[in-house]
Amino acid sequence: MLTYRIIRLLTNNSVRRIVQYPSSYRLFSTKIQQNNQIKLKSINDTHATLLINDKETKYDWIFLRDSCQCDQCIDSSTKQKLYNTTDIPLTISPQHQGFNILNNNSVEIIWNQSLLNQTDTNVHRSLYSNAWLQTYSSSKNIAHARYHDRSPIYWNRNTIQQVNLHVKCDDYLNSDEGLYTVLKHLNDYGLVFIDNVHGEFTVERLTERIGSIRHSFYGKSWDVKSMKQAINVAYTSQALGLHMDLLYFEAPPGLQFLHSLANSVNGGAAYYVDSFHAANILRQNNLQAFEMLCSYPVTFHYRNIDRHYHFTRSTIVLNKYLSDNPIDHINYSPPFQAPFESDTSKPEFRQFIQALQYFRDLLEDRNNQLELVLEKDQCVIFHNRRVLHARREFDTATGNRWLKGCYTDLDNFKDRLRIYREKFQS
């Protein structure tokens, strides 16, 4: 029976009515070649094997039914699913002669049963476009469709000095091209500078150009000035070592904006380090130390002004859902590190300390640091989960230094990056 069914499926070339796809399907047609040849190689009770340009790809029936985008499965207004994945029967598959490759190289499936607990027992018809099938034929194509395929560019002092990281404020605020340039720099290097920024609260406009402002106990926006009885070392004139902000939060903010409203003091230069670059060097040259930093728990906290924030995380975090396990983000903030809460009597503790010292040496290497004075009316934007920032000591008696800061989340940044990449690359 199965052999007969395969023969009928392979020889069925009938053309059927094509359903209208929702606008969200544009995602899967961007930069994907249309009408590549699709052939059915085989089917069984759990999946179909297709040849797309002679490359073999398997599609599970449950995956295909779960991915149906028709208006019975996806609400046309909210674009959200109208059923649960667990509503799909484990024995679902196409009806006899229910799998058809249409003349436009899309695939039609007539299913052999309805969803569990569904009152409508009518057979369901799903259609999968050529572009959609190509997109889900490989993890590489999926990353491309979601605009996750633009890898960060690691940098040191020499390489970053060759890049023009400056964008005029008017271009950033008032042109799509200016905004897209900033988004690309943040994706590639984690760092960009906005010039000619005027006004005390303009940093809030700069932040909202990408997404909603992330409030914290420091406020919607906050002033970085030297003051007595400071609640944060940043609010002093002391040197502030390399760190990331708010690692004692469960979800630290992704982007930080710092606008220089005044800077006439002696000293106070800022410097920045690409922690991904340092971690990658460690990965290539001392894998044991790298893996120790990926696993050993470090606790960060803030206990002051009737606040008690606390979170434990590893120093290096990988994206384990991608095949090459790239670095996803770094957690490094010595000024806000709490006493270790792990069992420090075990040998792993000293192994971790040694690994952290290797990492520290790479971060503190002046060849890996971009140092500059943030001039008045400049705003720096940096990736708070990648780029470390620091400040040299300054003399308050020689002038005034005043920065105003804001945060937004990486979700907002990635949303804008996807939208503008689709706009400019479609």
Side-chain angles (χ1 to χ4, degrees), residues 27 30 143 146-153 155 160 163-224 244-247 249-261 270 272 274-276 319 328-330 370 374 377-389 403-426:
L27 169 69
T30 303
R146 293 292 187 185
Y147 302 105
H148 290 160
D149 57 335
R150 190 180 177 110
S151 299
I153 299 173
W155 55 265
I160 200 65
V163 181
N164 180 11
L165 293 175
H166 291 261
V167 176
K168 293 180 180 179
C169 182
D170 184 66
D171 291 338
Y172 171 67
L173 287 177
N174 299 308
S175 76
D176 288 347
E177 292 81 2
L179 173 58
Y180 186 44
T181 298
V182 168
L183 295 171
K184 287 190 293 183
H185 283 333
L186 289 170
N187 181 82
D188 294 348
Y189 308 105
L191 184 67
V192 69
F193 298 90
I194 311 298
D195 297 331
N196 304 321
V197 181
H198 303 287
E200 179 179 350
F201 292 96
T202 305
V203 68
E204 295 182 2
R205 287 185 61 203
L206 300 183
T207 306
E208 290 173 333
R209 182 76 165 118
I210 291 178
S212 58
I213 292 174
R214 169 75 176 273
H215 292 244
S216 72
F217 66 92
Y218 292 113
K220 179 181 181 182
S221 58
W222 24 270
D223 297 305
V224 182
M244 294 160 168
D245 279 20
L246 306 189
L247 293 190
F249 280 18
E250 184 273 333
L255 295 183
Q256 182 170 171
F257 297 67
L258 284 174
H259 175 207
S260 177
L261 292 162
Y272 308 91
D274 182 6
S275 68
F276 284 16
N319 186 340
D328 186 78
H329 60 273
I330 302 290
L370 175 66
L374 194 64
D377 299 329
Q378 281 188 329
C379 179
V380 60
I381 311 173
F382 55 89
H383 191 316
N384 186 53
R385 311 310 306 278
R386 172 185 176 182
V387 172
L388 296 160
H389 64 292
L403 306 181
K404 200 170 191 72
C406 261
Y407 299 118
T408 193
D409 290 321
L410 281 184
D411 290 324
N412 299 325
F413 159 68
K414 292 178 180 179
D415 160 65
R416 291 299 86 191
L417 180 65
R418 293 185 192 106
I419 293 299
Y420 279 86
R421 280 194 67 181
E422 184 170 358
K423 177 178 181 178
F424 281 98
Q425 296 184 18
S426 61

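By convention here, the first residue in the shown sequence is residue 1.
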If you measure only the distance, is there a donor-acceptor pair under 3.5 Å linking the side chains of Glu177 and Tyr172? no
Are Asp171 and Ser175 linked by a side-chain donor-acceptor pair shorter than 3.5 Å?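 Short answer, no.
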After noting the C-alpha distance and the side-chain angles of Asp149 and Arg421, does the key distance pass the salt bridge (Lys or Arg N to Asp or Glu O under 4.0 Å) rule? CA-CA 11 Å; Asp149 57 335; Arg421 280 194 67 181; 3.3 Å; yes
Heavy-atom closest contact ([X] atom, [Y] atom, distance):
| X | Y | value |
| --- | --- | --- |
| His259 | Asp377 | NE2-CA, 3.9 Å |
| Asn412 | Thr408 | ND2-OG1, 2.8 Å |
| Arg214 | Pro252 | NH1-C, 3.9 Å |
| Asp245 | Pro253 | O-CD, 4.3 Å |
| Met244 | Ser275 | CE-OG, 3.8 Å |
| Cys406 | Glu204 | SG-CG, 3.8 Å |

Could you state the interatomic distance from [atom1] ([X]) to [atom2] ([Y]), rounded to the nearest 0.5 Å?
| X | Y | atom1 | atom2 | value |
| --- | --- | --- | --- | --- |
| Ile194 | Thr202 | CD1 | OG1 | 12.5 Å |
| Asn384 | Leu410 | CG | CG | 8.5 Å |
| Arg205 | Cys379 | CZ | SG | 12.5 Å |
| Arg418 | Glu422 | CZ | CD | 11.0 Å |
| Leu261 | Gln378 | CG | CD | 12.5 Å |
| Arg386 | Leu255 | CZ | CG | 12.0 Å |

For Ile381 and Leu206: C-alpha separation, side-chain torsions, deciding distance, then whether side-chain contact (heavy atoms from CB on, under 4.5 Å) applies. CA-CA 9 Å; Ile381 311 173; Leu206 300 183; 5.5 Å; no
Any idea how His185 and Tyr189 line up, ring-wise: parallel (<30°), tilted (30 to 60°), or perpendicular (>60°)?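 Answer is tilted, since the angle falls between 30° and 60°.
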Classify the angle between the aromatic ring planes of His383 and Phe413 as parallel (below 30°), tilted (30 to 60°) or perpendicular (above 60°).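 Judged by the thresholds at 30° and 60°, the geometry between His383 and Phe413 is perpendicular.
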Would you say that [X] contacts [Y] through its side chain, given a criterion of any heavy-atom pair below 4.5 Å between the two side chains?
| X | Y | result |
| --- | --- | --- |
| Phe424 | Asp176 | yes |
| Leu191 | Trp155 | yes |
| Leu403 | Asp223 | no |
| Leu186 | Ile210 | yes |
| Val197 | Val203 | no |
| Cys169 | Asp195 | no |
| Tyr218 | Leu246 | yes |

Assess the residue pair Glu200 and Lys404 against the criterion (side-chain contact (heavy atoms from CB on, under 4.5 Å)); give the C-alpha distance rounded to whole Å, side-chain angles, the decisive distance to 0.1 Å, and a yes or no. CA-CA 8 Å; Glu200 179 179 350; Lys404 200 170 191 72; 3.7 Å; yes
Decide side-chain contact (heavy atoms from CB on, under 4.5 Å) for Tyr272 and Leu388; before the verdict, give the C-alpha distance in whole Å, the side-chain angles of both, and the deciding distance to 0.1 Å. CA-CA 6 Å; Tyr272 308 91; Leu388 296 160; over 6 Å; no
Please indicate whether Arg150 has more than 12 foreign heavy atoms, meaning atoms of other residues, nucleotides or ligands, lying under 6.0 Å from its CZ. yes
Is the His166-Phe193 ring centre distance short of 6.0 angstrom?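 Ring-ring flag for His166/Phe193: true, centres closer than 6.0 Å.
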Aromatic contact, Tyr407 with Trp222 (centres under 6.0 Å): yes
Just one of Lys423, Gln425, Arg416 clears the side-chain hydrogen bond (donor to acceptor under 3.5 Å, both in side chains) bar with Tyr180, so which one?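 Single side-chain hydrogen bond (donor to acceptor under 3.5 Å, both in side chains) partner of Tyr180 among Lys423, Gln425, Arg416: Gln425.
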side-chain contact (heavy atoms from CB on, under 4.5 Å) between Leu258 and Phe382: does it pass, once the steps are laid out? CA-CA 9 Å; Leu258 284 174; Phe382 55 89; 4.1 Å; yes
